[in-house]
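Below is one structure, written out as structure tokens; the observations come after it.
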Amino acid sequence: MDPFAPLPVLLPLIGAALVALLEKFHQRHRRLDLATVAITLAVIACDLELLLRCSSATLVYWFGDWHPVGGFALGIAFAIDPAGAALALLAAVLTLCGLMFSWHYFKAIGTFYHSLMLLFLASMGGFCLTGDLFNMFVFFELMGVAAYALTGYRIEDTGPLEGGLNFSVMNSIGAFMVLLGIGILYSRTGGLNLAWVGARVAERPVDAAVACAFMLLAIGFLVKAAVVPFHFWLPDAHAVAPTPASVLFSGIMVELGLYAVARIYWTIFSGSIPGGTAQTLLLAAGLTTALVGGIMAFLQRHLKRLLAYSTVSHSGLMLSAIALFDPVSLGGCLIYLAGHGLIKGGLFISSGIILYHFHSVDEETLRGAGTRLKLVGAVFCLQALALAGLPPFGTFAGKAMIEARAAELGLHFIAPIFLVASSLTGAAVLRSGLTVFYGIGTPNCLSAPAPAKGDHESRETSGKEHRTPLMMLLPLLLLVLLALAVGLLPSLPEKSLQAAARVCDQRGYQALVLDGKFALLVPAPLPKRADLIKGVLPAGLAVVLAAAALFGLPLPDVLLRRLKSLLRPVLWTLRRIHSGYIGDYVTWFVIGAAVMVLVAATSRLL
Amino acid sequence: MSLLPILVTVWLFLVGLYGIATSRNTIHLVSCLFVTQASTYVFLLSIGFRTGGTAPILGKLPPGAPLVDPVVQSLALTDIVVGATVSALILVFALQAHKKHGTSDPRSAPPMRG
């Protein structure tokens, strides 16, 4: 029993309640900031300690000392392995950056902002560390509630209202799916502990009920992960949420949906569902998401909406990596997740700085406005390239591992799709960066008809400032440096492979949680280092695409007109599908879910 | 476990989603979300049902008496608590939207699209 195990949840949970009391005091602003930052730092320390302690053996913490009796899990357990602990750490680091950023951000800090951030942190920590199915659901919902409230934080405005409404309705429906899946599994196995449920499910061949349970759980979590066709809520919510919340949403919350899919697959279903249809379904969804997200990102001019769509694209990329159902690609996915989360957090903070200075995040309105923000501009463009996978950032290292493994498995179509998706998102961000900070090029016809602004942007921040406050720059630089470190640390690929191997080791997990036996695991051999050329390719393509958007294609007029008339109906349809109405989103959800469940139930995932 | 509760679950789930998809009033939309959620209550309770079982209060019962499953009841209870929180929050969004636009039709105000 490790006394540190519950702290990443307990500290912020108690802290949230105490911080809510502080709201009564005079001059509460700074005290609240300091108290919240202190608690977050303590959580980071705990997560680090847990990460170190669990590197040799997975930590199992039974709440109230209710240990398993005769192999049956009576109590609720935290089962902490390196993957979970690392994700909890990432969540805490991003929370810290968000909190530092909000130091100067709000004109008048509203009520309970700090409590909500701490609640959010607590629920994310619990979600990463738990080893219990229902516990996972509760943290999932708590995470949702904190996120809905943060999205609609500036409730007097229209944008946050609609974003919050779409977000909460879609994610609630996803949560109901998860609960139904948990119900099926409980009725089959009589328990809720992941290890116990996994052991019981593996005893019998798969039938329609278990296949349905997997699909229900997966769909529920994929709503959170914003996978096509469940992704519609994400741009609406991310575009309107306060910047610190957007950092957390894109950087870690969306990815936690993917983490949950991986976790439940390997702890419960991997013995009985060996891939096949499930793999095809998830891979198709992931690759479609990567492409749709990339194209939609390229079509945006609202900076935060653009970044939100790029999150959709990268989430699809990571789902494809998980859907290979392979420890090596999962290891690559873990590195990619960290690299992407840090970069995306940094990009949202940059867009927050733009909003702070210019009261708008519309690319065209701000053309050339940011020329005096030299440092932010340079970092922004660097991050755009890092998003496309420029070495030596973490995104490059992770993606190279995934692509190499996919090629080994004979899935050669994955690498080109990854290339297109990541260079599209990188190009979109780079284009907006060059437009805003350097005033290069002319308005392009692709993103011109996109929504330009919500009505909230002018009121978010205090008066016009000439210098960017240090407390805004600090988290930005911290995030970029961390993203570099993720790519440069020589021991990290090996560590992440070990972590992934531990996630994928179903029998080892069961033996450890239910019987307390630990067996050392030999991780897969390290794949050979990828050529740097492979990383330069998507970044180079991103530059080319961005240049094409800024300066136009060097083609004769006849060909250009042809191209436009070819593209117009496709883009028009894509835009129309993202209609902004919750009713349409639910219809898409029903279609997607019905297809997935029907395929799963009829083929029994064999 | 009989087929009827499963059919009721599926029906409630789908009819709730249909309501959300076609709703022209935000309050109605939120109510439809609760209907969808009700399907999870029905399903959870039907899992724990034992024919002839009594409430799982062990004090006065002879050992071995049939009981309904207390675990799913506590799951349903947790679900209800979570549902109450979420619904309160969404209703605030809905009310605020009504104040802002003077209408509760989610299709009346042009949102950010595309």
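Just so it is clear, the values below take in all heavy atoms, side chains as well, and ignore hydrogens, waters and symmetry mates. If you're wondering where the values come from, they're calculated on a predicted model, not measured in any experiment.
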Can you tell me how far CG of B/Leu44 sits from CG of A/Leu179, rounded to the nearest 0.5 angstrom? 5.0 Å
Given a strict heavy-atom distance threshold of 4.5 Å, which part of A/Val590 is in contact with chain B: side chain, backbone, both, or neither? side chain
If you tally heavy-atom pairs under 4.5 Å against chain B, which of A/Gly144, A/Ser172, A/Ala175, A/Gly190 wins? A/Ser172
Most heavy-atom pairs under 4.5 angstrom with chain A, which of B/Leu14, B/Leu17, B/Val82, B/Val86? B/Leu17
Is any side-chain heavy atom of B/Val71 closer than 4.5 Å to a side-chain heavy atom of A/Phe134? no
So for A/Leu192, is it side chain, backbone, both, or neither that comes closer than 4.5 Å to the heavy atoms of chain B? side chain
Under a 4.5 Å heavy-atom cutoff, which of B/Thr78, B/Thr9, B/Leu75, B/Val72 has the most pairs with chain A? B/Leu75
What residues of residues 28-36 of chain B sit under 4.5 Å from chain A when only non-hydrogen atoms are counted? B/Leu29, B/Leu33, B/Thr36
Below 4.5 Å from any heavy atom of chain B, which atoms of A/Val138 appear? Answer side chain, backbone, both or neither. side chain
Option that, when pairs with chain B are counted at under 4.5 Å, heavy atom only, ranks first among A/Leu180, A/Asn166, A/Ile173: A/Leu180
Most contact-rich option vs chain B, by heavy-atom pairs under 4.5 angstrom, among A/Val586, A/Leu165, A/Val145, is A/Val586
If I measure from the heavy atoms of chain B, does A/Asp584 come under 4.5 Å with its side chain, its backbone, both, or neither? both
Among pairs that include at least one residue of residues 163-194 of chain A, which meet ring pair (Phe, Tyr, Trp, His ring centres under 6.0 Å), considering only residues two or more places apart or in two chains? A/Tyr148-A/Phe167, A/Phe167-A/Trp233, A/Phe167-A/Phe249
Part of A/Phe589 lying under 4.5 Å from any heavy atom of chain B: side chain
Taking side chain as everything from C-beta outward and backbone as N, CA, C, O, which of these in B/Thr40 sits under 4.5 Å from a heavy atom of chain A? Side chain, backbone, both or neither. both
For A/Thr587 against B/Ala21, the heavy-atom pair lying closest together: OG1-CB, 3.7 Å
Do you know which of B/Thr26, B/Thr22, B/Asp69, B/Val81 has the most heavy-atom pairs under 4.5 Å to chain A? B/Asp69
Between B/Tyr18 and chain A, with a heavy-atom cut-off of 4.5 Å, which part of the residue counts as in contact: side chain, backbone, both or neither? neither
Shortest non-hydrogen separation from B/Ile90 to A/Ser168 and the atoms involved: CG1-OG, 3.6 Å
Name the member of A/Leu142, A/Ile184, A/Ile182 that forms the most heavy-atom pairs with chain B at distances under 4.5 Å. A/Ile184
Taking side chain as everything from C-beta outward and backbone as N, CA, C, O, which of these in A/Leu299 sits under 4.5 Å from a heavy atom of chain B? Side chain, backbone, both or neither. neither
